Number of protein chains: 2
Amino acid sequence: MPNEDSAARRPRAVTIKHVAAEAGVSLQTVSRVINGGPNVRDTIKERVRAAIEKLGYVPSLAARRMGGTRSYVLLALNDRDRTIEGWRSGDGTDWVDQMMLGGMLECARHGYRMIVELVDTHSAHVERELGAALAALHPDGVILTPPHGDNPIITGMLTGRHIPFARIGSTGTGPGFAISMDDKRAAAAATEHLLAIGHRRIGFITGSDEYALSGARLEGYREAMHSAGLPEAPDLVARGDFTFASGAEATRSLLSLAERPTAVIASSDQMSLAALEVARSLGFEVPRDLSIISFDDTPIVKFSVPPLTAIRQPIAPMAACAAGLLIQAANGELAYDTPNVLPFELIVRGSTAAPS
Amino acid sequence: MPNEDSAARRPRAVTIKHVAAEAGVSLQTVSRVINGGPNVRDTIKERVRAAIEKLGYVPSLAARRMGGTRSYVLLALNDRDRTIEGWRSGDGTDWVDQMMLGGMLECARHGYRMIVELVDTHSAHVERELGAALAALHPDGVILTPPHGDNPIITGMLTGRHIPFARIGSTGTGPGFAISMDDKRAAAAATEHLLAIGHRRIGFITGSDEYALSGARLEGYREAMHSAGLPEAPDLVARGDFTFASGAEATRSLLSLAERPTAVIASSDQMSLAALEVARSLGFEVPRDLSIISFDDTPIVKFSVPPLTAIRQPIAPMAACAAGLLIQAANGELAYDTPNVLPFELIVRGSTAAPS
DNA sequence: CTGAAAGCGCTAACAT
DNA sequence: ATGTTAGCGCTTTCAG
């Protein structure tokens, strides 16, 4: 019988040994019950379960990682500068929250943990920083947030180490579970909504080229315009990089066109809010003089005046999908199969109306 | 010489053994260098460092936890239902983000990780759920978010297991590092700001009694009113529970008073936004007919119309402070000493003006 | 100042 | 169907 904690110090935690003793079986049998292993009589299984319950035993993650091949940890990789800047500025972006909502809950359902890791993915530090995180944590899988799924250094490191990973917002084939929403269809849907209520001159503000989805959104817009029989109008496309400043600049250029658009689609919430502000400052009323459709649907767009019609990005579902696939992959085998495309939503609010 | 990874499988990670071999010293010496232990000649220290650098060695968290007494993990405890509800609703609250900003970065500076854990703290599950998290992770410290620092079941469990913890938003003495802002002073400052610009009848909407800071804020308001020589007016205080709905209800009751207030202080952003909306719907213009001061300063209050004057809660600094103290406590000793009170900020925006 | 030995709590092979 | 034996990669005694 393991002796009680001597005198002081931490009360010795209850281990698999205690359970084994309590149930009158071997260590290994307890391990089998915990891990759903085969070849355990129901009677014994029951006895072990009772002992676990009675003792309140919970296996130590660290020990499981040491003994076995799994760590029960998933790493969610985010860009350090970008993430910190978002948090500092309080810009209302809830990417990380939605990731946790989807990812942590899915992990919890399987006894996994999701650890958020910030990594400087731009500089040459990537290799060292990601390598350090992998060595310290030995995650069973890694969730890559955009645009990391398209970073060959990162995907290469993970592939080389045989660590399963999921690429959120990345659509290409190749290693890693590709998880995305149909950005092209979403942009087309936004465009079609505007066309349906009578708009003809529709501007489009792109996102940063660093993100694959930027191109997809632009393409969806173009195709929808084309399908409506409208001529190609390159001056209706303005470049942005997701930031407020770039959105303001782009909107100014669009509104200064001889034939200015009656509606604009911006590839991010920050740019849409910029469009709203610039339009107002220039004397245009939204949606009377200009309709706006936003992308992402972070919390703030519900609180602007008017609240913005937006394409909602299913971040939580994508994170949950990623976690689920990675956990499967970490256990049984599971090939990087077909891409996983999750549904988006067009949420109509007050920033869109028929042109006047 | 440790053999290379045989045939396939995960490339064997570089361990302390490889470093020892490379540097031509024993395991123990490497360990000493890593942990800043004493009694290592500078020459050797240098040699080991070079080997570590060359091999890109990073110690495994799990192994350190197994061998030693520290886990290099801090747990940030949040209420499950409340947190998930916030994420789901997209209400723009960034509590978790700010915690990560402060806590994770401070952890990273010391080679620690912060793991966010959601626990059902209301039901009887607390003991089981928290116990499970502690057993699985063996954190070196726990950060309690409000109102958990005042939950005796939780603080009792941690005290009993000798796990250092920090109580954010909890001011009482007793075990655990108390970390808070001066809520009383903050409420007084808000009140004084309104008094200074000429308000006399100032309403106050309280937060949930479950939170100690609710009482402190109310007290600060009362004292400031008293100091200004104004008579006690209980009808100017309306009960709320931090939610939008409760704020709306409270505002309606305040605005229906015979002598209605010309300004109101609400103990949360959600309640303030409710006040704004109710005031507008009742035909009062903000700030002309009613000034509003909010508490917390989450992102959304910058985007309302008008943007809200608010007391900014230093969540990130509090989390960083908590992490720093816990890490110190986990290593050298460190007594639960004097409470740590961090500075708040009154940010004046468009929702406050002199009464008309 | 440095090294050798023991063991943390678990799982993966191998018995039985 | 169950038990036994080795480690996993580190830190902590304890010897030199």
Side-chain angles (χ1 to χ4, degrees), chain A residues 2 5-6 9-10 12-21 23-48 52 55 57-73 111 134-138 140 330-331, chain B residues 2-3 5-6 9-21 23-48 52 55 57-73 111 134-138 140 330-331:
Chain A
D5 52 314
S6 47
R9 298 321 308 152
R10 296 218 176 164
R12 282 234 145 293
V14 23
T15 75
I16 198 171
K17 272 189 191 162
H18 301 124
V19 177
V25 298
S26 75
L27 282 189
Q28 187 45 32
T29 303
V30 178
S31 178
R32 284 198 183 95
V33 172
I34 294 169
N35 298 296
N39 300 344
V40 187
R41 257 198 329 242
D42 282 356
T43 346
I44 303 255
K45 217 180 277 185
E46 223 26 76
R47 198 138 43 96
V48 172
I52 289 177
L55 268 35
Y57 167 73
V58 176
S60 152
L61 264 208
R64 294 184 98 178
R65 146 80 183 83
M66 288 299 290
T69 55
R70 281 165 305 182
S71 64
Y72 298 91
V73 163
L134 297 179
L137 264 14
H138 295 277
D140 287 343
N331 300 316
Chain B
N3 65 338
D5 53 312
S6 47
R9 299 320 307 155
R10 297 220 176 161
R12 282 235 146 289
V14 21
T15 76
I16 198 172
K17 271 189 191 163
H18 304 190
V19 177
V25 298
S26 75
L27 281 189
Q28 187 41 33
T29 303
V30 178
S31 178
R32 285 200 182 93
V33 172
I34 294 170
N35 298 298
N39 299 344
V40 187
R41 257 199 327 244
D42 283 356
T43 344
I44 304 255
K45 215 179 277 183
E46 223 25 76
R47 204 147 28 107
V48 171
I52 289 177
L55 267 37
Y57 167 73
V58 175
S60 152
L61 265 206
R64 295 184 98 177
R65 146 81 183 83
M66 288 300 289
T69 56
R70 282 165 303 182
S71 65
Y72 298 90
V73 163
L134 296 179
L137 265 14
H138 296 276
D140 287 344
N331 301 316

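Bear in mind that the values here come from a model prediction, so they are computed numbers and not experimental data. Letters A, B, ... are given to chains in the order of the sequence lines, protein chains preceding strands, and every chain is numbered from 1.
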Rounded off to whole Å, could you give me the [atom1]-to-[atom2] distance for the [X] and [N] pair?
X: B:Lys17; N: D:dT11; atom1: NZ; atom2: C1'; result: 14 Å
X: A:His18; N: C:dG9; atom1: NE2; atom2: C1'; result: 11 Å
X: A:Glu46; N: D:dA1; atom1: CD; atom2: P; result: 17 Å
X: B:Asp42; N: C:dC1; atom1: CG; atom2: P; result: 9 Å
X: B:Leu137; N: C:dC10; atom1: CG; atom2: P; result: 14 Å
X: A:His138; N: C:dC10; atom1: NE2; atom2: P; result: 19 Å

What's the angle between the local helix axes at either end of the helix from C:dC1-D:dG16 to C:dT16-D:dA1, using five pairs per end and rounding to 10 degrees? 40°

So which nucleotide from D:dC10, D:dG3, C:dT2 ends up closest to the side chain of B:Thr29? C:dT2

Under 4.0 Å between a side-chain N/O of B:Ser60 and OP1 or OP2 of D:dG9, yes or no? no

At less than 4.0 Å, is any side-chain N or O atom of A:Ser26 found next to OP1 or OP2 of D:dT4? Yes or no. no

Could you tell me which residues satisfy side chain to side chain contact (heavy atoms under 4.5 Å, CB included) with A:Ala23, sequence neighbours excluded, listed by chain and number? A:Val25, A:Arg47, A:Val48, A:Ala51

Could you measure the distance from the OG1 atom of A:Thr15 to the CG atom of A:Leu27? Nearest 0.5 Å is fine. 7.5 Å

Approximate separation, where rounding is to 0.5 Å, of B:Thr29 OG1 and B:Ile16 CD1: 9.5 Å

Return a single string for nucleotides 11-16 of chain C, one symbol per nucleotide in 5' to 3' order, where B is base contact, S is sugar-phosphate-only contact and - is none, cutoff 4.0 angstrom on heavy atoms. SBB---

Smallest separation among heavy atoms of [X] and [Y], with atom names:
X: B:Arg70; Y: B:Ala330; answer: CD-O, 4.1 Å
X: A:Ser60; Y: B:Arg65; answer: OG-NH2, 4.1 Å
X: B:His138; Y: A:Ala13; answer: CE1-CB, 4.1 Å

What residues form a side-chain hydrogen bond (donor to acceptor under 3.5 Å, both in side chains) with A:Ser71, not counting sequence neighbours? A:Asp140

Exercise answer: donor-acceptor pairs, residues 34-45 of chain A side-chain atoms, under 3.5 Å, sequence neighbours excluded:
residue	atom	partner	partner atom	Å
A:Asn35	OD1	A:Arg64	NH2	2.6
A:Asn35	ND2	A:Ser31	O	2.8
A:Asn35	ND2	A:Ser31	OG	3.3

Test of understanding: with ring pair (Phe, Tyr, Trp, His ring centres under 6.0 Å), list the residues that count as partners of A:Tyr57, not counting sequence neighbours. none

